[in-house]
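Have a look at the structure below before the remarks.
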Amino acid sequence: MTDARPPADDEAAFIAAARSNDAAQFALVTERYRRELQVHCYRMLANYEDAQDMTQETFLRAWNKRESFKGHAALRTWLYRIATNACLDFLEKRNDRTPVPAGLPGAGSEVRYLQPYPDRMLPEDPQESVVARETIELAFIVAVQHLPPRQRAVFILRDVLGWPASKAADALELTVASVTSALQRARVTMREQLPDRRLDWRSPATHELSDDERGVVKSYMDAHERNDLDGLTALLRDDLRFAMLPGTLIVTARDAVDGWVSGGLFQRGHDDWRCIPTTVNRMPAAVLYLRTPDDPEYRLFNIAVLHIVDGKLAELTGFDATGKPWLGLPPTLPSGKGPIVDESSARVAVAEATAE
């Protein structure tokens with residue numbers, strides 16, 4: 001398969017680097033694709049750390065196979081092909097990378113290896129990102145995990161990236177008929193998993209949070225910092241779906257609140273909070289820091305990803321972040337510092353932590 005165009009600058013530079021065994025030039029040419037390839041691997045694997053590893057594996061494989069690239073296909077296409085197959089090889093070796101039953105009637109299944117994806121690591125150029133909001137949200141990522149690995153790859157290449165069937169078939173070493181059949185089966189599963197969502201993932205979608213979403217995030221953080229259980233409860237829809245990963249899933253607001261209370265929320269040891277807003281998976285999120293008695297600092301505790309419908313929380317997905325600096329977030333906040341209540345401050349905090 002070839003692209004009907006002469007090699008572009010990247011392709012020519014890559015070929016020159018391959019012929020001269022110039023590792024530095026190779027890294028310079030391929031680095032611009034890192035973020036979009038990492039997003040691609042994340043869709044395949046639903047795990048940020050695994051996506052980072054497989055992106056690095058993609059570059060290693062590309063270097064080892066550099067002499068096979070002749071410039072007939074676009075360099076991006078070639079790298080995506082390598083990344084897709086690296087993910088498929090990873091999934092073939094791991095038997096813990098499939099959803100498991102949730103254990104609650106009507107709750108479906110859990111993806112216990114799910115991790116959030118920091119928006120700061122998404123591609124910066126919207127023309128190159130191929131990241132419509134719906135295709136990076138947690139619900140979409142979870143739904144994709146219900147597809148068998150090769151169906152998953154077909155679906156992402158065809159319906160998310162918009163590749164023609166022949167191009168996807170070539171990347172996966174399948175026939176066009178096999179790709180078409182796999183895509184049809186994948187679409188059926190995605191409709192079952194996302195019954196209220198559109199399936200035209202290639203159309204534009206807004207990336208900006210609404211004022212409504214920002215207001216709910218602020219109220220959620222304020223409730224924690226004021227130890228206001230009633231205020232927190234008021235933000236929840238009755239049919240709230242609450243998940244604390246790994247391993248806890250609750251499907252009503254009443255049960256969620258009862259669980260928080262029995263777990264000691266807003267009681268001694270869990271009553272001194274600082275929060276900063278951020279965004280992950282193109283979704284609003286609150287980063288919760290807890291200060292326990294006699295500790296001079298607030299320590300990273302939890303990342304709460306919020307799905308907001310009509311001014312209330314319809315889904316709340318918490319990720320345990322205790323004891324690990326995660327997603328470039330500062331591991332601690334100093335005592336006595338006022339709450340950070342705007343996204344620009346949160347981005348500064350993230351940038352400072354990343355630079356350290």
Side-chain angles (χ1 to χ4, degrees), residues 114 116-122 124 126 129 131-143 193-201 203-245 249-257 260 265-266 273-289 301-319 321 327 329 338-350:
L114 177 69
Y117 198 101
D119 281 13
R120 66 181 181 82
M121 293 304 298
L122 292 172
E124 296 176 352
S129 70
V131 182
R133 178 169 178 175
E134 287 88 343
T135 66
I136 198 68
E137 285 183 346
L138 291 178
F140 180 89
I141 298 299
V142 168
Q193 295 296 323
L194 295 169
D196 299 325
R197 304 292 186 94
R198 63 180 174 82
L199 289 181
D200 180 13
W201 306 111
S203 62
T206 179
H207 293 172
E208 296 298 323
L209 299 186
S210 67
D211 291 340
D212 187 46
E213 288 175 315
R214 295 173 193 273
V216 173
V217 174
K218 184 177 185 303
S219 296
Y220 179 84
M221 295 190 303
D222 288 347
H224 277 80
E225 294 184 347
R226 294 195 312 267
N227 291 308
D228 182 1
L229 182 61
D230 290 339
L232 179 60
T233 302
L235 295 173
L236 311 178
R237 285 171 53 119
D238 291 341
D239 60 350
L240 172 77
R241 186 183 189 277
F242 168 66
M244 175 59 70
L245 299 180
L249 180 63
I250 298 174
V251 292
T252 70
R254 180 184 295 276
D255 288 341
V257 172
W260 296 338
L265 182 65
F266 298 151
W273 301 92
R274 294 287 188 201
C275 307
I276 61 175
T278 188
T279 52
V280 298
N281 297 78
R282 298 292 190 195
M283 301 175 71
V287 186
L288 276 57
Y289 290 79
F301 182 78
N302 181 264
I303 300 169
V305 185
L306 314 176
H307 178 55
I308 299 164
V309 176
D310 297 331
K312 288 199 171 186
L313 297 181
E315 296 178 14
L316 172 56
T317 306
F319 294 90
L327 307 183
L329 293 163
I340 303 173
V341 294
D342 66 270
E343 290 178 29
S344 60
S345 297
R347 285 194 293 268
V348 169
V350 168

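Please read these numbers as outputs of a predicted model, since none were measured by experiment. What you see below is based on every heavy atom in this structure, not just the backbone, and it leaves out hydrogens, waters and symmetry mates.
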Exercise for the section: Return the minimal non-hydrogen interatomic distance between V280 and P118, and the atom names on each side. Expected result: CG1-CA, 4.1 Å
Problem - R120 side chain to L327 backbone, donor-acceptor under 3.5 Å - result: yes
Practice task
Could you tell me which non-hydrogen atom of E225 sits nearest to which non-hydrogen atom of C275, and how far apart they are?
Solution key: OE2-N, 2.8 Å
Practice task
Would you indicate whether the side-chain heavy atoms of V216 and P284 approach each other to under 4.5 Å?
Solution key: no
Handout entry: Beyond-backbone contact of L245 with T317, side-chain heavy atoms, under 4.5 angstrom
Key = yes
Practice task
Indicate yes or no for a side-chain donor-acceptor contact from Q193 to the backbone of V142 under 3.5 Å, with no hydrogens or angles considered.
Solution key: no
Problem - Spacing of N281 atom CG and L114 atom CG [to the nearest 0.5 Å] - result: 7.5 Å
Exercise for the section: Compare every heavy atom of P277 with every heavy atom of M221, then report the nearest pair and how far apart it is. Expected result: SD-N, 3.6 Å
Handout entry: Minimal non-hydrogen separation, L236 against A253, with atom names
Key = CB-CB, 3.9 Å
Problem - Least distance between heavy atoms, A314 atom then V309 atom - result: CB-CG2, 3.7 Å
Handout entry: Y220 and L316: CA distance, side-chain angles, deciding distance, side chain to side chain contact (heavy atoms under 4.5 Å, CB included) verdict
Key = CA-CA 11 Å; Y220 179 84; L316 172 56; 3.9 Å; yes
Handout entry: 4.5 Å side-chain heavy-atom contact, I308 and L313
Key = yes
Practice task
Find the distance between CZ (R226) and OG (S219) and round it off to the nearest 0.5 Å.
Solution key: 7.5 Å
Exercise for the section: With the side chain counted from C-beta on, respond yes when L329 and Y289 share a heavy-atom pair under 4.5 Å apart, and no when they do not. Expected result: yes
Practice task
Could you walk me through whether D228 and D222 pass the side chain to side chain contact (heavy atoms under 4.5 Å, CB included) test, one step at a time?
Solution key: CA-CA 8 Å; D228 182 1; D222 288 347; over 6 Å; no
Handout entry: Heavy-atom side-chain proximity of E315 to L138 below 4.5 angstrom
Key = no
Practice task
State, with a plain yes or no, whether a side-chain heavy atom of R282 is found less than 4.5 Å away from one of D119.
Solution key: yes
Problem - W273 and N302: CA distance, side-chain angles, deciding distance, side chain to side chain contact (heavy atoms under 4.5 Å, CB included) verdict - result: CA-CA 11 Å; W273 301 92; N302 181 264; 5.9 Å; no
Exercise for the section: State, to 0.1 Å, how close A223 and G231 come at their nearest heavy-atom pair, and which atoms those are. Expected result: CB-C, 4.2 Å
Practice task
Report the distance from atom CZ of R241 to atom NE2 of H307, rounding to the nearest 0.5 Å.
Solution key: 11.0 Å
Practice task
With rounding to the nearest 0.5 Å, note down the distance linking CD1 in I141 to CD1 in I136.
Solution key: 4.5 Å
Problem - Euclidean distance, L229 CG relative to H224 NE2, rounded to 0.5 Å - result: 9.5 Å
Handout entry: CA sep, side-chain torsions, deciding dist, call: W260, F266, side chain to side chain contact (heavy atoms under 4.5 Å, CB included)
Key = CA-CA 9 Å; W260 296 338; F266 298 151; over 6 Å; no
Exercise for the section: Determine whether more than 12 heavy atoms belonging to other residues, nucleotides or ligands lie under 6.0 Å from atom CZ of R254. Expected result: no
